[in-house]
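Residue numbers begin at 1 in each chain, while the letters A, B, ... track the order of the sequences.
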2 protein chains.
Amino acid sequence: MTKVTIRHVAEEAGVAVKTVSRVVNGEPNVTRDLRDRVERAVEKLGYVPSMAARRMGGSRSYMLVALNDRRNTINNWQSGRGNDWIDQMLHGAMLMCESHGYRMLFELVDAASQDLDRRVVAILSALQPDGLILTPPHSQNEALVQMLLRRNVPVVRMGVPGHGLGVGVHMDDRAAAFEATCHLIDLGHRRIGFIAGSERFAASEARRRGYLDALAQGGLARDESLEAPGDFTFESGLEAASTLLSRDTPPTAILASNDEMALAVLHAAPRFGKTVPGDLSVISFDDTPGIRLSVPALTSIRQPISEMASRAAELLIAASRDGPVEAKDHILPFGLIVRGSTAPPAA
Amino acid sequence: MTKVTIRHVAEEAGVAVKTVSRVVNGEPNVTRDLRDRVERAVEKLGYVPSMAARRMGGSRSYMLVALNDRRNTINNWQSGRGNDWIDQMLHGAMLMCESHGYRMLFELVDAASQDLDRRVVAILSALQPDGLILTPPHSQNEALVQMLLRRNVPVVRMGVPGHGLGVGVHMDDRAAAFEATCHLIDLGHRRIGFIAGSERFAASEARRRGYLDALAQGGLARDESLEAPGDFTFESGLEAASTLLSRDTPPTAILASNDEMALAVLHAAPRFGKTVPGDLSVISFDDTPGIRLSVPALTSIRQPISEMASRAAELLIAASRDGPVEAKDHILPFGLIVRGSTAPPAA
DNA sequence: CTGAAAGCGCTAACAC
DNA sequence: GTGTTAGCGCTTTCAG
């Protein structure tokens, strides 16, 4: 447990502490010879700089913090429903951090908290990260983002457009809903239902827009009675499905704003004498792990979560070296994964 | 962005820095009056101690590291299959850490790595955590644990018994397999198949033992041709199912060592003209999120992952205050979740 | 190109 | 009870 410090390396190599520091951090102005000697000493002693000391001495902490909604996250964990967003975010961000010698710390703060700002500032004070990744719904909290920007905290907003307020890394939800709806129209559907997502999330409105865009382009009149509200829960999906399917002229296809609600449609369909995809096609958003196992497996829009997280981390790490991130949006491609829940309407 | 340090608080309250430190850390020997003054100053200034500085000055880092297998974890992420173990581990450990003012850092190291020890030591050197949570397969690597213990790193081994080598937090896999098998026997099954898990994991052998225990207690002779090997993958489950179901006298029930392989049995059954649970009952291990969605939903043994992680964190945090953790095992209760995949055998 | 010295914000040890 | 001092291991600044 004898700790190896930079001083030990310096002695071993017969150089000054600062020289070791230069070598370890890849700084210029070291002769080949000294560099070799230091590297050999580092190797021999198994030296690894202490993160804490680096933070104390220098201006960087080699750490990024990702902020997630506490309630949502814990709910997902507790219900045993899994947590695809968290998984994919870790996937993307951790690996990117790793490849740059950074660490990713993942923190939970309740988005509905009264003293949200205070809590976030407390995290920043304690951790002093080199950057902050905000996920929905935090990432759409303009007041929060503004406060952070005012404090010069490097921030990337994930899952939403930055609209000039900081940098955003996201997919085009509107285009995705458009493409999903077009897929249904191409199959021959004319009455296409839509189950909206929670208004707490900006993506919900974008998805509705995309749905309407596609109707318009397909020459189909908007029928508001084909649009049902939802809040991303299974229960709300059940209710929306009942509303839509009990109409006199029910839709032959439904676009649900997330997987959970689409699964609810699958669940509700038999009660209305509908088989999927025979009598009813279903498309969902998110492509979470479970939907491969449903019967039928769901056709779904895949969000590039790990890619967004990876990009977010990359931008922040670059910024910690080269100065402020440019306040622009990075739009990453989504995918339409066609599985068994979509088919032409019954003749 | 003006950083608030302990010195600012000391000035504001008109006391010495050490007094602030005492108050913030809940140490004794401070009068009511001074304590109040300091607390008010802390509140007013929004002071939060810097983790890095705490680590530098003191003997604690207020941080725990959880070590997971890199390959497994990344595979699960990439395949979009979800990662229940990681989710539940974070759930348990993070919340426990949070409630004690600790942080949880989650690290990936390839268990098959040639220089595993070196990599782990590098993590410890960089982070200097107050404790290390080992998960399978790292937690069963005796050499690794021994190295860690030699270096006086506080360690908790998750998912496996400690056998006196450090502290273990786990469930009783043997008893769980026993109970699952008994459930099948109680339903009236006499020919019960078993699909083993990968030998890389110690739990696999324990599960086989439990299966055999139950057969013995139920007065059923062991029939080795009812035991098929597996490695926790869907493919291996498919192969095992084929082997078992193509016998002249196929089993009427199968106990699979994890969900993935059980889902494979569900998938294979129709090919052999079997319906589940009519002709074939299936029980699995792990109770991951997806199996609620399979048809039928799987009866499964639930591992108390979040509880184990929570306990592990608790032990480590206690140890960082009160000295070494006692080298004993903590056995947490599992659950048998009965769903739709088990029923009495066809008459 | 290299090195010496001065902190970073905190706590441990010790004095008062 | 309370305050003072001396580091922790690094990087920053500034001399050489």
Side-chain angles (χ1 to χ4, degrees), chain A residues 1-38 41-42 45-63 101 122 124-130 320-321, chain B residues 1-38 41-42 45-63 101 122 124-130 320-321:
Chain A
M1 208 57 229
T2 46
K3 233 180 310 197
V4 180
T5 74
I6 197 172
R7 195 158 312 180
H8 298 139
V9 179
E11 276 171 25
E12 173 74 27
V15 298
V17 192
K18 177 66 222 189
T19 303
V20 178
S21 175
R22 274 196 262 263
V23 173
V24 169
N25 293 301
E27 287 168 26
N29 298 333
V30 186
T31 49
R32 273 286 286 168
D33 175 48
L34 279 196
R35 182 173 300 279
D36 284 351
R37 290 231 306 273
V38 170
V42 165
L45 268 35
Y47 169 69
V48 179
S50 149
M51 257 195 116
R54 277 182 134 181
R55 161 77 285 182
M56 286 298 291
S59 51
R60 293 206 272 166
S61 66
Y62 297 91
M63 180 172 69
L124 296 174
S125 306
L127 267 19
Q128 289 162 209
D130 289 344
S320 80
R321 271 202 318 267
Chain B
M1 208 58 225
T2 46
K3 232 179 312 195
V4 179
T5 73
I6 197 171
R7 196 159 310 180
H8 298 139
V9 179
E11 274 171 25
E12 173 74 26
V15 298
V17 279
K18 178 70 224 189
T19 303
V20 178
S21 174
R22 275 196 262 263
V23 172
V24 169
N25 293 300
E27 287 169 26
N29 298 332
V30 186
T31 51
R32 273 285 287 162
D33 175 50
L34 279 196
R35 182 173 300 277
D36 285 350
R37 291 229 307 271
V38 170
V42 165
L45 268 34
Y47 169 71
V48 179
S50 148
M51 256 194 116
R54 277 181 135 182
R55 159 78 286 182
M56 286 299 292
S59 50
R60 293 206 270 166
S61 66
Y62 296 90
M63 181 174 68
L124 295 173
S125 306
L127 267 20
Q128 290 163 209
D130 289 343
S320 79
R321 272 202 319 267

J.: For a quick test of your reading: what N or O donor-acceptor pairs under 3.5 Å do the side chains of residues 11-22 of chain B make, sequence neighbours left out?
T.:
from, atom 1, to, atom 2, distance (Å)
B:E12, OE2, B:K44, NZ, 3.0
B:S21, OG, B:N25, ND2, 3.4

J.: Does a side-chain N or O of A:T19 approach OP1 or OP2 of C:dG3 to a distance below 4.0 Å, or not?
T.: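 Answer is yes, contact under 4.0 Å.
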J.: Roughly how many Å is it from CZ in A:R37 to P in C:dG3, rounded to a whole number?
T.: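 Checked: the CZ to P distance equals 8 Å.
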J.: Send over the distance from B:N29 CG to D:dG3 C1', rounded to a whole Å.
T.: 13 Å
J.: Go along nucleotides 5-11 of chain C 5' to 3' and tag each nucleotide: B for a protein heavy atom under 4.0 Å from its base, S when only backbone or sugar atoms are that close, - otherwise.
T.: --BBBBS
J.: Could you tell me which non-hydrogen atom of A:K3 sits nearest to which non-hydrogen atom of B:Q128, and how far apart they are?
T.: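 In this case the closest contact between A:K3 and B:Q128 is CD-OE1, 3.8 Å.
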J.: Under the rule for side chain to side chain donor-acceptor pair (under 3.5 Å), what residues qualify as partners of A:Y47, not counting sequence neighbours?
T.: none
J.: To the nearest 10°, let me know how far the axis at one end of the helix from C:dC1-D:dG16 to C:dC16-D:dG1 is tilted from the axis at the other, five pairs an end.
T.: 40°
J.: Please enumerate all residues that pass salt bridge (charged side-chain N to carboxylate O under 4.0 Å, His left out) together with B:R54, with sequence neighbours excluded.
T.: none
J.: Taking all atoms of both residues into account, what is the closest heavy-atom pair of A:S61 and A:D130, and its distance?
T.: N-OD1, 2.9 Å
J.: With sequence neighbours excluded, what pairs up with A:V23 under the side-chain contact (heavy atoms from CB on, under 4.5 Å) test?
T.: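 A:V23 satisfies side-chain contact (heavy atoms from CB on, under 4.5 Å) with A:V30, A:R35, A:V38, A:E39 once adjacent residues are dropped.
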J.: Would you say the side chain of B:R60 lies within less than 4.5 Å of the side chain of B:R321, judging by non-hydrogen atoms?
T.: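 Answer yes - side chains close enough.
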J.: Heavy atoms only: give me the nearest B:A52-A:R55 pair and the separation to one decimal.
T.: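 That closest heavy-atom pairing would be CB-CG, 3.3 Å.
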